[in-house]
Undergrad: 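Take a look at the following structure, please.
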Amino acid sequence: MIMAARCVRVLWRRSCSAAATANPSPAAEIKKPGRWERLRTGKMAVWMKSLIHDYGEACKDIVTGAKEHPGKAAFYLSLFTGIGVCSSKAPSEDSFHCSVLEASAELLLLSPWTRSGKSDQHVLNLTNLSNEGRLRYLNLIVVSLVYEAPYDPDVDLYPAHCPHLKPRWSDFPSRVLDVGFFGRWWFLQSKMKDFDVNEEEFAHLPDHMRTLTFNDLHSQENERLSQLKYQPVIMPETVGVTG
């Protein structure tokens with residue numbers, strides 16, 4: 001009887017331990033990490049922490065280098081500031097078309113005998129290229145370029161798509177029509193200088209009379225001659241009358 005009771009107790013203990021192992025209590029369960037914990041300890045979080053640490057170290061090195069070499073730091077700071085300002089002032093493609101239209105409107109207010117032939121021909125060439133769809137715009141961050149293309153983008157001719165017939169890069173400088181820098185189109189502005197003066201009107205004059213200098217317009221001799229026209233006219237007295 002004693003041996004049988006001992007066997008029953010052993011079997012009961014084993015069954016209880018097996019049940020406890022199969023059905024653990026909630027306190028014994030491993031608690032799963034939450035969403036915020038997974039984000040904080042995930043691969044992306046580790047990568048972001050290392051990235052921020054690297055940028056922080058780089059900023060510290062920049063500050064240390066600026067303190068050690070203030071002249072060099074001031075040079076680079078002014079250089080990057082100038083690049084940023086020039087980039088913000090780089091004219092767009094729409095501004096170029098507006099400038100061409102304004103120049104054309106100014107020339108139309110003048111008669112063909114008064115307007116400059118150089119300005120008129122340049123604006124007319126730009127207008128024709130724009131109507132043909134052969135103007136191209138290129139933004140180089142600091143400056144903007146407008147250049148001439150051989151064909152319209154929608155043209156389906158063979159020469160327009162053949163890579164062997166396309167213009168060479170060595171010919172690109174000759175195709176540039178204007179350069180935009182700091183909010184201005186400099187070639188157009190240069191061509192529109194003295195647009196209301198017809199150079200052909202003075203073509204028959206000698207070379208020294210075709211141009212006027214600052215001294216020609218602001219000299220003492222001109223001032224003296226200008227004052228003479230306001231003086232009364234004095235007729236010479238007659239010597240005598242013969243009868």
Side-chain angles (χ1 to χ4, degrees), residues 75-157 159-163 165-205 207 209-218:
F75 170 75
Y76 281 111
L77 180 61
S78 60
L79 178 62
F80 289 127
T81 303
I83 292 175
V85 172
C86 293
S87 176
S88 63
K89 294 288 185 178
S92 61
E93 184 178 4
D94 294 336
S95 69
F96 177 76
H97 290 291
C98 292
S99 300
V100 173
L101 289 177
E102 290 177 359
S104 178
E106 290 178 351
L107 290 172
L108 288 175
L109 295 176
L110 304 175
S111 65
W113 297 274
T114 306
R115 69 184 67 156
S116 173
K118 178 181 65 176
S119 303
D120 192 17
Q121 185 63 32
H122 182 72
V123 174
L124 182 62
N125 182 37
L126 293 177
T127 304
N128 292 335
L129 292 175
S130 178
N131 294 334
E132 295 173 3
R134 295 171 54 191
L135 289 180
R136 299 292 183 273
Y137 172 81
L138 181 62
N139 187 359
L140 299 178
I141 300 177
V142 179
V143 298
S144 302
L145 297 179
V146 172
Y147 61 96
E148 177 184 357
Y151 299 99
D152 186 272
D154 298 331
V155 172
D156 290 333
L157 298 176
H161 298 279
C162 180
L165 299 178
K166 291 184 178 181
R168 299 179 179 178
W169 283 105
S170 58
D171 300 332
F172 183 77
S174 61
R175 296 163 53 200
V176 175
L177 298 174
D178 214 326
V179 176
F181 178 73
F182 213 75
R184 295 183 181 181
W185 294 101
W186 294 91
F187 288 3
L188 181 61
Q189 183 177 354
S190 176
K191 293 292 184 180
M192 288 297 293
K193 184 179 180 180
D194 297 332
F195 66 93
D196 55 346
V197 177
N198 188 3
E199 298 88 354
E200 298 179 358
E201 186 178 355
F202 307 98
H204 63 281
L205 296 176
D207 294 337
M209 299 182 64
R210 293 181 184 178
T211 58
L212 294 176
T213 62
F214 181 81
N215 293 329
D216 294 334
L217 298 176
H218 300 81

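Side chains included, hydrogens not; waters and symmetry mates left out as well; all remaining heavy atoms used. What you see is a predicted model, and the numbers here were worked out from it, not measured in a lab.
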Undergrad: Please determine which of L135, L129, V100 meets the side chain to side chain contact (heavy atoms under 4.5 Å, CB included) test together with V146.
TA: L135

Undergrad: Within a strict 4.5 Å, meaning less than it, do heavy atoms of the F96 and E93 side chains meet?
TA: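 They are not in contact (no side-chain heavy atoms under 4.5 Å apart), so the answer is no.
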
Undergrad: Look at R175 together with E148 and state whether they make a salt bridge at an N to O cut-off of under 4.0 Å.
TA: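 No salt bridge links R175 with E148.
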
Undergrad: Would you please say whether a donor-acceptor pair under 3.5 Å links the side chains of S111 and T114?
TA: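 Yes - a donor-acceptor pair under 3.5 Å links their side chains.
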
Undergrad: Do S144 and W185 have side-chain N/O donor and acceptor atoms under 3.5 Å apart?
TA: no

Undergrad: How long is the span from the OG atom in S130 to the CG atom in L177, to the nearest 0.5 Å?
TA: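 Answer for the OG-CG pair, S130 versus L177, is 11.0 Å.
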
Undergrad: Quick one: list whatever passes side-chain hydrogen bond (donor to acceptor under 3.5 Å, both in side chains) with E106, sequence neighbours left out.
TA: none

Undergrad: Is any side-chain heavy atom of M192 closer than 4.5 Å to a side-chain heavy atom of V123?
TA: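 Result yes, sub-4.5 Å side-chain heavy-atom pair found.
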
Undergrad: For Q121, which residues count as a side-chain hydrogen bond (donor to acceptor under 3.5 Å, both in side chains) partner, sequence neighbours excluded?
TA: none

Undergrad: Taking all non-hydrogen atoms of both residues, which atom of P150 and which atom of R134 are closest, and how far apart?
TA: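 Closest pair (atom of P150, atom of R134, distance): O-NE, 3.6 Å.
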
Undergrad: Return the minimal non-hydrogen interatomic distance between L188 and A103, and the atom names on each side.
TA: CD1-CB, 4.4 Å

Undergrad: S95 and P91: which non-hydrogen atoms are nearest, and at how many Å?
TA: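 Between these two residues, the closest heavy atoms are OG-CB, 3.3 Å.
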
Undergrad: Nearest 0.5 Å please: distance from the OG1 atom of T127 over to the CG atom of L101.
TA: 7.5 Å

Undergrad: Quick one: ring-ring contact (aromatic ring centres under 6.0 Å, His included) pairs with a partner in residues 122-148, sequence neighbours left out?
TA: Y147-F172

